[in-house]
Amino acid sequence: MRQTKFSNFISRNLAYIIFIIVVATIPFFVSSRFYMHILIMCGIWGIAAASMNLIMGYTGQVNLAHGAFFGIGAYSTGLLMLKLGINFWLALIMACSITVAIGFFIGLLAFRTKGSYYAIGTMCFNVIVTVIIENWEGLTEGVRGLLGIPRPTPIPFPFGKEINFTTMTANYYLVFSFLILTLLIIRRIVNSMIGRSFLAVRGNEELAESLGINTLFTKLQSFLISVFFAGLSGGLYASYIGFLSPEISDYHVTFEILIYCLIGGLGTMAGPIIGAFSLTVISELLHGMAFPRLVAYGFLLIIIVIFLRGGIMGGVHLLAANLFLKARK
Amino acid sequence: MGGGKNFKKIINFLIILILTSFMGNLSMVLADVINVGYTGPLSGGAAKYGRNNLEGLEMAVEEINAAGGITVGGKKYTFKVIALDDRYKPADTVTNARRLIELHKPPFIFCPHAGGILGMLKFNEQEKFIIHGYTDNPAVLQQGNRLLVKAPMSMGFYNSGVIELGWQKGWRKGALLCGTHESGKLAEQIFEVLWKDKGGQIVANAPADYAKVTDFYPYLTKVLAAKPDCIFLYGPSEPSAMIISQARELGFKGGFVLGSQCKLDEMEKVTPLKLISPSTGVCPVGMMPLPLMQDYSKRHRERFNTIPTSESAFNYEVMYIFAEAMKKAGTVTDVYKIMEAVPQVLPVGKHAIRGIHTMTKEGQFLSGYFAMEVDEGKFGKPVDIDPRPWYQKYGATWTPK
Amino acid sequence: MLYTKNFNGKDDAEMALFIQQVLNGIMLGSIYSLVALGLTLEYGILHIPNFAHGALYMAGAYLTFLLATQMGFNYWLAMMLAMIALAAIGVLVERLVYRPLIKESPLNSFIAAIGLIFIFVDGALHIFGPDFKRFPPVHYEAFQVMGLTITLQRIIIITVTILLIILLQLFIKKTTIGATIEATAQDREGALLMGISVNRVRMIVFALGTGLASIAAALISPIHLVYPGMGGPVILKAFVIIILGGMGSIPGAIIGGFILGLVESLSGGYISTAYNEVFSFGVLVTVLAIRPTGLFGAK
């Protein structure tokens, strides 16, 4: 068969093309606002998980401050829109920049440490950020929360029309457009030279250093990109839910995102998305059981983590390898 | 191969999980059953608060059903409570609310935290359900929503009576040791503003996370160094009682002004009244000198084996209000008509245990309450506090600035 | 039993205030160190991120509470029995949850720990209810010496903490079992080659660690309350202390604990109680910026 550039392109990107098609057509089949809402939340957490995957899965750094950056992105977006009247799109970009700026300082400090020290150190940063958000009432309204954050500003269209974001469908497309964008960008990075240096640092940091890779610079790069998208997901959350309280930057949020990454499959592109989606859905399904919901959730986590090495994607790869082997025989 | 087999096992397990949970999820819209939704914290730090709210609602529904349900338009209906845990997270509240709408179509949803209520206010008019928002946060009333009712009154009002009693005892120098949660911060500001308005002094402020702090000594040491006449507390009952206990250990002989979240009957189980004296606080619901409330209190204890609280009492009464409003409006589906009927059914006869008698145009229910002193190891007589002077002076949406 | 001494002059009063806050800080430090003691073995030495240590601590509190109230056991007896029960639970947890993950990245164990927390905390919530339970009054006599106050229970806490620290350090450094634990921590394959049963070592560490958590809970509960979420606030600080002191160092963890307690108490007393977590965690961040492996950690 003649291999054209086009068919090459399709086969390499098949998964993504299928994903985009599915995502684009779902609203035509799903009319329930409940399911749309779940999908939107999955999308938001998917972006957060995908960004955490970059620093943790591909660069091997156990960064436990992710929730703080989600929160900083969310609060920045909310405050810029509410207190300065800036439109959503500009506020989002500014919020991501603020998140990266703060991330720069935290990263610089945190990367003086390694391993467990880095992990717990970043967790402390997370707590510090949460406490500051709680107590700096003049800026953030503290524990009372920031309310009335508007939905994304309508985009003007030619012929006097506009795209507004009052419907579930519009928000769905917004969030998933950002999700696909995030995935494509991260994939690009992972497959590039920069991505190779991430993997090198993950594999063996000392070896990478001895090979001439500036590991601090590499780790910081990965960290800042990851933090950028964490802030992005926070901004989307702020506008969609419309209400913020300091708990959304809490270290428990970090743990939740971590669970999505790990259960889905750390270090794979699809893992975080699959993790975010399946765990959100499972958590919802557990509402219907008579058994204490969180106890069941806990058991599920332990079972998956013990029996599925590499998460769901790990299991999928093994299954695929199995079938492949069997097919070859 | 190991991994593949395990993967298949997991898939099987998940399929079974999905199937069994669907059985619990089948669209529960039976013909003559009206579903009533509840989304609140049923796990985590606020679990007790969430449960207290739910207990009142559940008891009302059980009683209504036992009495034969309600008859609307010639047809008999019973109620069913569908309660979902939202872990106090607004995003989860929204998810739960949408789930309730999708599967159970409730005309009413009860929620006990402002974040969740505000989240739902964005779409309750569109999806047509009435919210009972159990919260002290006045922001919920300022959203211009036509399908909201709120039973708890302004925290400023509740705490003003308590402060007044403290002032009458001659206390002038106050110290603040309130919780750092949402209502705690509000209470702290209210205490400060109202106390200073009267001419009192605030000599120290040491906010503490009542649920997280293991040892209150550092906070108390700071507060006691300023030699206050009284200490203002606001937080869950048992930790408040521990603070009092430890303050006495440290030699504090002054009084305590207990905010509306501190329930004296729950505190008594942790710290003897002798140590709590002298103090002023809100009269516990179970001790209110109202025959209807006394009766409810007895039934509540028998049913749940817990102390009845404002949370349960208000939600109980509001459920009855909703049921009566449905009867009066003659419909179980037109929520706007039901909402119109609500003010007309107040007070709801022998179920008006908290005595809700009026509704403001924003949806705020008005009722009274009692304040109380604790002296020399004994509860004092409940003092009736009339809401009108307060509301005339400050209004329904007052917040300290 | 209680008497107050009158102070002449403001300076005396300020001095007394300062000393009381220092005493409070030592008190807090003891609590944190006591909780962290078991964790230093599991995480500091064996590198198992047992975040569920706080949940096991809570289980120990409930068990001691039940034995002391429902079954009327003497406080110390209840403490001992609960400790034994918790040690057994710890062994089970290690065998069923952490052992299968021995070859994986520690992140997997971390997730498993979070799963355990859900099970224990939500389970306790459904079994015991969400109420705060108060321990029956035990050792509540307060002593006032030179204007300072401390209760008997707190004195016991500080004393037992110091005792346990010394015992634990001796155990690790001076006994054969201790040496095998350290050897296993440093090089698992090497230890295996030497004939050390790594599985036995892990079992002992968890039995000890969880048992210590139970003792900590039994000692601390009387000055506070028992409730399902009680492990949450302390577990974070316990991890911080171990990192602050340097992983693998027991004296380090203890000193870290006292530093944290003092910072919290003094910063709360003199600056702001609302921000005291910023100060205490800020201390860790600062120390790590200067010494990236903690105070006494190996470089």
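Chain letters run A, B, ... following the sequence lines, proteins first and then strands; every chain starts at 1.
- Ranked by heavy-atom pairs under 4.5 Å with chain B, the first of C/Leu17, C/Leu225, C/Ile220, C/Ile31 is C/Leu225.
- Side chain of C/Gln21 to backbone of B/Pro218: a donor-acceptor contact under 3.5 angstrom is found.
- Heavy-atom distances place the backbone of C/Ile271, and not its side chain, under 4.5 Å from chain B.
- Comparing C/Ile223, C/Leu28, C/Asp122 by heavy-atom pairs within less than 4.5 Å of chain B, the highest count is held by C/Ile223.
- Heavy-atom neighbours of C/Phe128 CZ from other residues, nucleotides or ligands within 6.0 Å: above the threshold of 12.
- For B/Pro236, the part lying near chain C is the side chain, with the backbone staying farther off; criterion is any non-hydrogen pair under 4.5 Å.
- The residue among B/Ser237, B/Ala211, B/Gly50 with the most heavy atom pairs within less than 4.5 Å of chain C is B/Ala211.
- For C/His224 (side chain) and B/Val213 (main-chain N/O), a donor-acceptor pair under 3.5 Å exists by modelled atom type.
- Expressed to the nearest 0.5 Å, how far OG1 of C/Thr273 lies from CG of B/Leu177 amounts to 7.0 Å.
- Proximity to chain B at a heavy-atom threshold of 4.5 Å picks out nothing from residues 51-64 of chain C.
- With a threshold of 4.5 angstrom between heavy atoms, B/Tyr49 does not approach chain C through any atom at all.
- One finds the OG1 atom of C/Thr151 at 8.0 Å from the CD atom of B/Gln246 (value rounded to the nearest 0.5 Å).
- Judged as a side chain to side chain donor-acceptor pair (under 3.5 Å), and not counting sequence neighbours, the contacts of B/Asn205 are B/Glu188.
- Using a 4.5 Å cut-off on side-chain heavy atoms (C-beta onward), C/Leu23 and B/Tyr217 make no contact.
- Expressed to the nearest 0.5 Å, how far CE of B/Met267 lies from CZ of C/Arg134 amounts to 11.5 Å.
- Counting heavy-atom pairs closer than 4.5 Å to chain B, the top residue among C/Arg154, C/Glu264, C/Glu277 is C/Arg154.
- Atom CG of B/Asp215 and atom OH of C/Tyr32 lie 8.5 Å apart (nearest 0.5 Å).
- Counting heavy-atom pairs closer than 4.5 Å to chain B, the top residue among C/Leu125, C/Ile150, C/Val234, C/Leu148 is C/Leu125.
- Only the side chain of C/Tyr227 has a heavy atom closer than 4.5 Å to any heavy atom of chain B.
- Other residues, nucleotides and ligands contribute more than 12 heavy atoms inside 6.0 Å of the CD atom of B/Glu302.
- When each of C/Met27, C/His126, C/Gln20, C/Met230 is scored by its heavy-atom pairs under 4.5 Å with chain B, the top score falls to C/Gln20.
- For residues 217-244 of chain B, the salt bridge (charged side-chain N to carboxylate O under 4.0 Å, His left out) pairs, not counting sequence neighbours, are B/Lys48-B/Glu238.
- Taking chain B as the reference chain and counting heavy-atom pairs below 4.5 Å, the highest number among C/Gly229, C/Ser265, C/Ser272 is found for C/Ser265.
- Residues forming a side chain to side chain donor-acceptor pair (under 3.5 Å) with B/Tyr219 (at least two apart in sequence, or on another chain): C/Asn276.
- Around atom NZ of C/Lys133, more than 12 heavy atoms belonging to other residues, nucleotides or ligands sit under 6.0 Å away.
- A 6.0 Å sphere centred on CZ of C/Arg95 holds no more than 12 heavy atoms belonging to other residues, nucleotides or ligands.
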